[in-house]
Peer 1: 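Input: one structure, supplied below.
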There are 2 protein chains.
Amino acid sequence: MPANVSTRIVRPESDRRANQSDALFDILTSAIMAGRIRPGEKLNEPALADEFGVSRAPVREALRRLQEKGLVTHVAHQGVRVISPTLEDFLSLLDVREALEGMASRLAATAMTDAELEQLATIVDRHGEDLHSNPEGPYVQNDFDNDFHVRIAVGCRNPVLTGLLCEQFYPRLKLCRSRHGLLKGRGFAAWKEHRRVLAALVERDGDVAEILMRRHIRSAREALLATVPS
Amino acid sequence: MPANVSTRIVRPESDRRANQSDALFDILTSAIMAGRIRPGEKLNEPALADEFGVSRAPVREALRRLQEKGLVTHVAHQGVRVISPTLEDFLSLLDVREALEGMASRLAATAMTDAELEQLATIVDRHGEDLHSNPEGPYVQNDFDNDFHVRIAVGCRNPVLTGLLCEQFYPRLKLCRSRHGLLKGRGFAAWKEHRRVLAALVERDGDVAEILMRRHIRSAREALLATVPS
DNA sequence: TCTCTGCGATGTGTCGACAATAATGAAAAT
DNA sequence: ATTTTCATTATTGTCGACACATCGCAGAGA
């Protein structure tokens, strides 16, 4: 039995959402994403209900939503566990991501406003400066709302695509990254690729934007594949 | 208040799943997809619980899962309603579908077995015969498991992609099609496009398979756009 | 010593009920 | 006649409890 979870999960107090299900969902989501609850760890309803002083109903609902989000698996009569994605899972995710973000870039090329493109340029610039001070550092998205890919996912103006990327794929990808390494030394290459995607977007060239974004993600995928000999 | 729902929903009896949540989820899903519960119709928990002789807990869980699947919307204190997708929703869905099925075709070109390809050819042949007897008829997927697109979604060997397409997109697309027309007179053109995709798959040419599949879906999208003058 | 069987423990699915909040309609006042 | 206020209602979120299925363990038998 793992140590008391609540002591690790405490967050400020902005979690006071309207209902306890949402609050629990947020708490558990961030706890999983931050690694406070590790992959493979079991989450059983009664224990969580006890620790948070609520009944099992909201816990149950939060867990079910985590399952739909793909962060936990729920096998019958065996409890729910945080997923511990395999390398194959990671690769599968990246293949789909290539398709989705490629389309997002294509659509964003015509859908993003000039103001959004300027903000995106600012993000790329800041990324370049951070890279200057820490050349070998990986590309970490310290702020979700100010991430390059998130901005494009929002800018494509396709609610289905935006929701899929932001609410399902990015959390899962973050989990995969925390398990397998990736993003080592690719910081500079990634930045250059971002710059080219941005240039295509500014030129409102959807065809090129899609190609460049897909190539960008495929590069990351191949960098990941290179970490395992075979 | 609509007429008693249970009288319309009765299905054989194979719904006797392990737990009542799953059974309800299946029943409601098929009821929505078959149009027995129409778009915009309200589904309130107590009524459904009464009609099926269960408590609100399984109903609640089934509805939540329907929401995650994108078949119903759940606005607070206003009940859950079956979605009545707008034309924009339909178009958004088709854009994402183009990206997803394009990637699925690319992967399937190398992942599908020879046996699977032969089965796929059989499906295309049968589609052609059906078309011969009813040339103007639309392309309807009478049998989910024997649908052209489903076979490719399964054949790509990417569980993320397969799940996304089969469990999220195809149900939603079917709902969209039942509301807006589409698929009128496009049966023959669609069949020809299917044939070409199949040919590319047989040649194990992922690049071409992706291009053809994307073009196929984009044709459907443009046919849909053509139905509305502006 | 090994295997089978019965028992307890853990965890999940389901239930009925209560309280709180927001939408709906009616009544009253301007 | 229109608007404001209030009460009713509908729906939801939450709770504690129970029944059942599964798993692990111990004891009996071979």
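Heavy atoms only: backbone and side chains are in, while hydrogens, waters and symmetry mates are out.
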Peer 1: Using side chain to side chain contact (heavy atoms under 4.5 Å, CB included), reason through A:L94 and A:L173 one step at a time and then give a plain yes or no.
Peer 2: CA-CA 8 Å; A:L94 286 177; A:L173 280 169; 3.8 Å; yes
Peer 1: Rounded to the nearest Å, what distance is computed from the CG atom of residue B:N19 to the C1' atom of nucleotide C:dG13?
Peer 2: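 The answer, rounded to whole Å, is 7 Å.
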Peer 1: In whole Å, what is the span from the CG atom of B:D22 to the P atom of D:dA21?
Peer 2: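 Between P of D:dA21 and CG of B:D22: 16 Å.
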Peer 1: Report the residue from A:R106, A:H149, A:H216 that forms a side chain to side chain donor-acceptor pair (under 3.5 Å) with A:E101.
Peer 2: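 Among A:R106, A:H149, A:H216, the one that satisfies the side chain to side chain donor-acceptor pair (under 3.5 Å) with A:E101 is A:H149.
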Peer 1: Find the distance A:N44:CG to C:dG13:P and express it as a whole number of Å.
Peer 2: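 The answer, rounded to whole Å, is 13 Å.
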Peer 1: When the distance from CG of A:L24 to C1' of D:dG13 is rounded to whole Å, what number comes out?
Peer 2: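 One finds 13 Å between C1' of D:dG13 and CG of A:L24, rounded.
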Peer 1: Can a donor-acceptor pair be found between the side chains of B:D89 and B:S92 at a distance below 3.5 Å?
Peer 2: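 On atom types as modelled, these side chains do not qualify, holding no pair under 3.5 Å.
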Peer 1: N/O contacts under 3.5 Å, protein versus nucleotides 15-21 of chain C?
Peer 2:
unit_1 : atom_1 : unit_2 : atom_2 : d
C:dC15 : OP2    : B:S55  : N      : 2.6

Peer 1: Side-chain N or O of A:H74 versus OP1/OP2 of C:dG11: is the shortest distance under 4.0 Å?
Peer 2: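 Indeed not, no polar side-chain atom of A:H74 lies that close.
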Peer 1: Do the side-chain N or O atoms of B:R60 get closer than 4.0 angstrom to the phosphate oxygens (OP1, OP2) of D:dG13?
Peer 2: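 Yes, because at least one side-chain N or O of B:R60 sits under 4.0 Å from OP1 or OP2 of D:dG13.
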Peer 1: Could you tell me if the side chain of B:T29 sits less than 4.5 Å from the side chain of B:P171, heavy atoms only?
Peer 2: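 When only atoms from C-beta onward are counted, B:T29 and B:P171 do not touch, as no gap falls below 4.5 Å.
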Peer 1: Roughly, in whole Å, what's the span from CG in A:L63 to P in C:dG13?
Peer 2: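 The distance from CG of A:L63 to P of C:dG13 comes to 11 Å, rounded to the nearest Å.
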Peer 1: Is the distance from OP1 or OP2 of C:dT14 to the nearest side-chain N or O of B:S21 less than 4.0 Å?
Peer 2: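 Yes, such a contact exists.
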Peer 1: Just the rounded figure in Å: distance from P of D:dT12 to CG of B:L48.
Peer 2: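 These atoms are roughly 10 Å apart.
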Peer 1: Are A:L100 and A:F169 close enough, and set up right, to give a side chain to side chain contact (heavy atoms under 4.5 Å, CB included), and what steps lead you there?
Peer 2: CA-CA 10 Å; A:L100 290 173; A:F169 274 76; 3.6 Å; yes
Peer 1: Categorize A:E45 for me: base, sugar-phosphate, or nothing, with a 4.0 angstrom heavy-atom threshold over every strand shown.
Peer 2: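 A:E45: backbone/sugar contact only, no base atoms under 4.0 Å.
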Peer 1: Only pairs under 3.5 Å count here: list side-chain donor-acceptor contacts from residues 160-168 of chain B, not counting sequence neighbours, and write none if there are none.
Peer 2:
unit_1 : atom_1 : unit_2 : atom_2 : d
B:T162 : OG1    : B:A153 : O      : 2.6
B:T162 : OG1    : B:N158 : O      : 3.0
B:Q168 : NE2    : B:E68  : O      : 3.1

Peer 1: Any side-chain N or O of B:K42 below 4.0 angstrom from OP1/OP2 of D:dT11?
Peer 2: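 So the side-chain polar atoms of B:K42 do come within 4.0 Å of the phosphate oxygens OP1 or OP2 of D:dT11, strictly under.
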Peer 1: Would you name the heavy atoms of A:A99 and B:M103 that are closest together and state the gap between them?
Peer 2: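 Result for this residue pair: CB-CB, 3.7 Å.
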